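To keep things clear, I will list the structure first and then write my remarks on it.
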Amino acid sequence: MDPNKYDHQTIDPKWQRYWETNKTFEAKNKGKKKYILDMFPYPSGDGLHVGHPRGYVASDIVAKYYQMKGFDVMHPVGFDAFGLPAENAAIKKGVHPAENTANNVVRFSEQLKSIGLGYDWSRVINTSDPEYYKWTQWLFLKLLENDLAYQKEAYVNWCPNDKTVLANEQVVGGCCERCGTEVVQQKRKQWFFRITAFTEDLIKDLDLVDFPEGTKEIQKNWIGKSEGADITFKVKDSDEEITVYTTRLDTLFGATYMVLAPEYENLDKFITDQQKATVEGYIKEASKKTELDRLADTKDKTGVFTGKYAINPANGEEIPIWVADYVLGSYGYGAVMAVPAHDERDFEFAKKFDLPIRKVVSGGELPYVGEGDLVNSEEFDGESSNTAFVAITKKVDGKITTKYRLRDWLVSRQRYWGAPIPVFYDKDDNPIPIEEKDLPVVLPTDVEFRPSGESPLETSKDFSEIPEKYIKKGAVRREFDTLDTFVCSSWYFLRYTDPNNDKEFAKKDKINYWMPIDLYVGGAEHSTGHLIFARFITKALQKFGYFEFSEPFAKLRHPGMVLGENNEKMSKSRGNVINPDDVIAGFGADALRMYEMFMGPFDQFIPWSTAGIEGVRKFLDRSYRVIRDNHKNEADEDQDLKEKFYDLVVKITKDTENMDFNTAVSAFMVFVNAAIEKEKVSSFWVEDFVKILAPYAPHLAEELWQDILAKKTSIWEESWPEAKKYKVEGRIITVVVQEAGKKRGEVNVKEGASQQDVVDLVDDDPKLEKLLEYKNRIYIQDRIINFY
RNA sequence: GGGCGAGUGGCGGAACAGGUAUACGCGACGGACUUAAAAUCCGUUGCCGCAAGGCUUGUGGGUUCGAGUCCCACCUCGCCCACCA
């Protein structure tokens, strides 16, 4: 063994076992608490890659820091084990998803432990465990009972490859988030959660939490609040009416036609007999298009005339009603008034189909979407768009309303590997909820789980059978769909507070003690999915009275992605994946941990560098040597080193709290370099240095503490040192001397020196004294003096 | 098209609150130790210049005693959303 290096291959596993045996990192359930949480991993077959630890190490450092600060810290971990990727992987491998998932969980657990992450393993959860998903099903029933879960037939996203419906949040650019296949729209009866019941709270309560501003913006955009007005048009020669939503009612006099979405309800009533065949043909074509086709057609709009006319309530004008797929069935009323002069989409459509374009707002070239004074608007001519909006709304008896882009959350899936939805149906297709005491509805194992488009649970022999009790209630059929995995992950953080409770999802006082989460760490890609779902479920459960807070995550931070050495996203296909097992074998867990913190600001994307981790390892070895070789030296307080150690403790404390880990690591390096440069290294700092190093490099710290410094107890029984005992009064510091902002020299003074002290020193300096000729001078204490 | 963010050495990056720009690490170069190599240690390293000195934070302007930091315009890159009326 090289005496210049510490032996990580012995030390790492030794202390990992020690901490596990001694339950070092288990929460105590009393005192002042900190709940520090990572988004739990999806245990895929590939194991961890070096991107995972970036967030895990950060939260681990923060958790360990607060533990040393005397807090009762809960830092748990679990596995988001249900879901499509696990099922697809199992199909590919030809093993049952349960078996495959169990293996992956074992592998992940070993890897997490090998990084020295101080999780409370007594609280580990697995969403595919019946003891867990029993409560996921219970959650479903609670939402159903409170009218926040409902069924409706609607056009939904369907992935033809994975053969399941998807939530809007799982469709990215018109493609399935998981497999990249183009998603198509299909009309199906599905289960939804009424997330839209909380839209306003989901926006407003962002003010209560400490999230990155960008994440708040993304969520606000996703919810997409807009203020406008509802207005009803009568249909000519008919009793029918069409209500539209618009944000530009000021342009009503410019409405020259109307458009209904192909999905518009009772569309038949708005079509003349002559046009019937044409319109039906168009609708058929439109429904075949994938999301991608629709996006691609943005420039080339399509549509057909229905033969009918609506009456503009502002001026009594008859305007033609068209059907076109550039109007979305799922937003507003699925109908719009078209104002081609002041809307780009309407403008293109009108040009293509030669519909009239009438300018009603003065401003720039058409289509002009800005504000301005009205023209061609009868009595409103000359009024500005802003005030005319209200006046016109009043005149045509419109209603000022707010609309949101957010849609209800589609939660049913036609796949196997998920929590079964706990309902039966009667002969009229009304749901009969399964009683809480009959939960869990256990996922059957005798299932042909290859996706066919129908729910795989139907193929189970026993599962279809309906218990006597429910037959009596009128049940004729079971629900075979499973719940979206995002349902499982929308409440897991509550379960950690009381993970083994078999009476309730978690005891109220435990939830209220631990929640809300003081620090939540996980990827920014969850901003519009998981994070919104979890906030919604929290608000729902709060409303039902299960606890007293409205937001689950008090503080949220996103780790930046670790890119490959070639600056590209790490992926198997690019062949640039770094496996943390190899890194740990070669450099040790502490080098991995510290390097991931050192590579750059925590939330930034940074390429991996193997040379970079060597530098961090060198620092750890230098730290090890300087302590091993000098800890028995006299404590003799070297003033200079004392000042530097004071600075170090202040800096590490501040940086750890602010999660500025990169500068914390560099501060450690600066100090160790300074210590090594001394001819005779004093030892007064050694113990406290090991303590502040511990959250960052726990294995080395414990080794130094118990082995080199021969302490009898663990480093984790120690408390975080106070900087002030190293405070040195009257330090000598450097003041820069400037001439009109240009550096001309420097003088050394005692901390807190007055302007006169500094000027006297400048006067004494032959090179600088001529600066005194300047009348004006500005002195910033302990920093700079500028003559001009 | 809309929203958000970022541009600092060869590279990752640092700079409190407008006050020594380039900390720390990598890489590179030179040296010590060694038969040799690795490891370790010492030194140099923004650019121009032998030096004195000058220049430098995407570009151009502005505010200020003083600007990487604030303001205006522009350029480039990244991310998110996107036919949401």
Side-chain angles (χ1 to χ4, degrees), chain A residues 2-5 172-174 212-222 224-226 228 244-249 251 259 261 294-295 297-299 301 324-328 330-339 342-346 348-349 369 403-407 524-525 527-528 561 567 594-595 598-601 603-616 618-619 621-622 625 651 654 660 662-673 676-677 734-746 774 776-788:
Chain A
D2 186 339
N4 288 316
K5 293 167 165 279
V172 178
E213 278 310 311
T215 305
K216 289 188 182 183
E217 279 309 311
I218 286 172
Q219 293 203 353
K220 282 180 194 161
N221 290 344
W222 185 260
K225 184 173 181 169
S226 85
V244 303
Y245 170 74
T246 177
T247 54
R248 292 300 302 273
L249 201 58
T251 62
V259 188
R294 280 181 81 151
L295 288 175
D297 287 348
T298 305
K299 282 273 168 266
K301 299 213 165 10
D325 68 359
Y326 81 90
V327 171
L328 304 177
S330 54
Y331 183 78
Y333 300 98
V336 303
M337 63 177 219
V339 185
H342 306 290
D343 182 283
E344 285 167 21
R345 298 152 298 186
D346 298 343
E348 276 169 33
F349 192 82
V369 297
K403 292 267 187 290
Y404 303 88
R405 206 193 74 112
L406 186 72
R407 314 291 152 83
E525 68 275 15
S527 298
T528 54
M561 201 183 283
N567 219 337
M594 275 196 121
Y595 173 62
F598 182 58
M599 59 201 311
D603 57 1
Q604 209 159 300
F605 286 32
I606 312 249
W608 179 264
S609 156
T610 298
I613 195 172
E614 281 169 10
V616 171
K618 277 189 217 162
F619 153 74
D621 285 324
R622 275 201 301 273
R625 287 196 306 269
K651 177 106 178 121
K654 196 176 107 223
D660 292 327
N662 54 330
T663 50
V665 175
S666 99
F668 277 122
M669 292 171 169
V670 169
F671 178 79
V672 169
N673 290 345
I676 285 173
E677 272 173 31
T734 300
V735 169
V736 168
V737 181
Q738 291 184 337
E739 177 182 7
K742 294 216 182 269
K743 185 178 170 183
R744 291 294 178 233
E746 51 191 39
Y774 287 95
N776 299 315
R777 54 200 64 171
I778 281 180
Y779 174 56
I780 306 297
Q781 201 173 61
D782 298 342
R783 288 201 181 273
I784 210 155
I785 186 158
N786 190 17
F787 295 89
Y788 65 101

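Order of the sequence lines fixes the chain letters, A, B, ..., with proteins taken first and strands second; residue numbering starts at 1 for each chain. Everything numeric in this text was worked out from a predicted model, so none of it was measured.
Side chain of A/N567 to backbone of A/P607: no donor-acceptor contact under 3.5 angstrom is found. The backbone N or O of A/D346 lies less than 3.5 Å from a partner atom in the side chain of A/D343, making a donor-acceptor pair.
One atom, NE2 of A/H342, and another, C1' of B/rA85, lie 14 Å apart when rounded to the nearest Å. Atom C1' of nucleotide B/rC80 and atom CZ of A/F605 are separated by 11 Å, given to the nearest angstrom. For the pair A/N567 CG and B/rA6 P, the interatomic distance rounds to 19 Å; values are reported in whole Å. Atom CD1 of A/I613 and atom P of B/rG12 are 19 Å apart (whole Å). B/rU8 atom P lies 11 Å from atom CD of A/Q604, rounded to whole Å. Spacing between atom CG of A/D343 and atom P of B/rG1 amounts to 16 Å, rounded to whole angstrom units. B/rG66 atom C1' lies 14 Å from atom OH of A/Y774, rounded to whole Å. Between A/E525 atom CD and B/rC4 atom P there is a gap of 22 Å when expressed in whole angstrom units.
Between B/rA85, B/rU40, B/rC81, one nucleotide has an atom nearer to the side chain of A/T246 than all others, and that is B/rA85. When the nucleotides B/rA39, B/rA85, B/rG12 are ranked by their closest atom to the side chain of A/K5, B/rA39 comes out on top.
Place A/P607 and A/N221 on RNA chain B by their nearest nucleotides, and A/N221 ends up nearer the 5' end. For A/E344 and A/T528, each mapped to the nucleotide of RNA chain B holding its nearest heavy atom, the one lying further toward the 5' end belongs to A/E344.
In this view, A/Y595 satisfies the side-chain hydrogen bond (donor to acceptor under 3.5 Å, both in side chains) rule with no residue, not counting sequence neighbours. A/E739 meets the salt bridge (charged side-chain N to carboxylate O under 4.0 Å, His left out) test with A/R744; sequence neighbours excluded. Taking the salt bridge (charged side-chain N to carboxylate O under 4.0 Å, His left out) definition, one finds that A/E677 meets it with nothing, sequence neighbours left out. A search for salt bridge (charged side-chain N to carboxylate O under 4.0 Å, His left out) contacts involving A/K743 returns A/E746, not counting sequence neighbours. Partners of A/N786 by side-chain hydrogen bond (donor to acceptor under 3.5 Å, both in side chains), not counting sequence neighbours: none found.
Atom name C1', nucleotides B/rC47 and B/rU22: the rounded distance is 12 Å, in whole Å. B/rC55 sits 43 Å from B/rA37 when the C1' atoms are compared, rounded to a whole Å. Here the separation of B/rG78 from B/rA28, taken at their P atoms, is 30 Å to the nearest Å. Look at the C1' atom in both B/rG7 and B/rU69: the space between them is 14 Å, to the nearest Å. Between the C1' atoms of B/rG68 and B/rA14, the separation comes to 11 Å (whole Å).
Considering only heavy atoms from C-beta on, A/Q219 stays 4.5 Å or farther from A/K216 through its side chain.
Under the Watson-Crick or G-U wobble criterion, with both distances below 3.5 Å, B/rC11 is paired with B/rG25. Of all nucleotides present, only B/rG19 satisfies the Watson-Crick or G-U wobble test against B/rC65, with each distance under 3.5 Å. Remark: B/rC77 base-pairs with B/rG5. Criterion, Watson-Crick or G-U wobble with two distances under 3.5 Å. A 3.5 Å limit on both hydrogen-bonding distances identifies no Watson-Crick or G-U partner for B/rA52. With both pairing distances under 3.5 Å, B/rG60 is matched to B/rC72 as a Watson-Crick or G-U wobble pair. The partner of B/rU35 cannot be assigned: no Watson-Crick or G-U wobble pair with both contacts below 3.5 Å exists in any strand.
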What one-letter contact string describes nucleotides 15-34 of chain B from 5' to 3', where B marks a base within less than 4.0 Å of any protein heavy atom, S marks contact via sugar-phosphate atoms alone, and - marks no contact?
SB--BB--BBSS--------
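In this structure, B/rG9 is classed as syn because its glycosidic torsion stays within 90° of zero.
An OP1 or OP2 oxygen of B/rC55 is reached within less than 4.0 angstrom by a side-chain nitrogen or oxygen of A/K742. The phosphate of B/rA85 has neither OP1 nor OP2 within less than 4.0 Å of any side-chain N or O from A/Y326.
No engagement by A/S330 is indicated, since no non-hydrogen atom pair under 4.0 Å with the nucleic acid exists. Nucleic acid contact class of A/R625 (heavy atoms, under 4.0 Å, all strands): sugar-phosphate only.
Note: A/Q738 CD to A/I784 CD1 = 3.5 Å, rounded to the nearest 0.5 Å.
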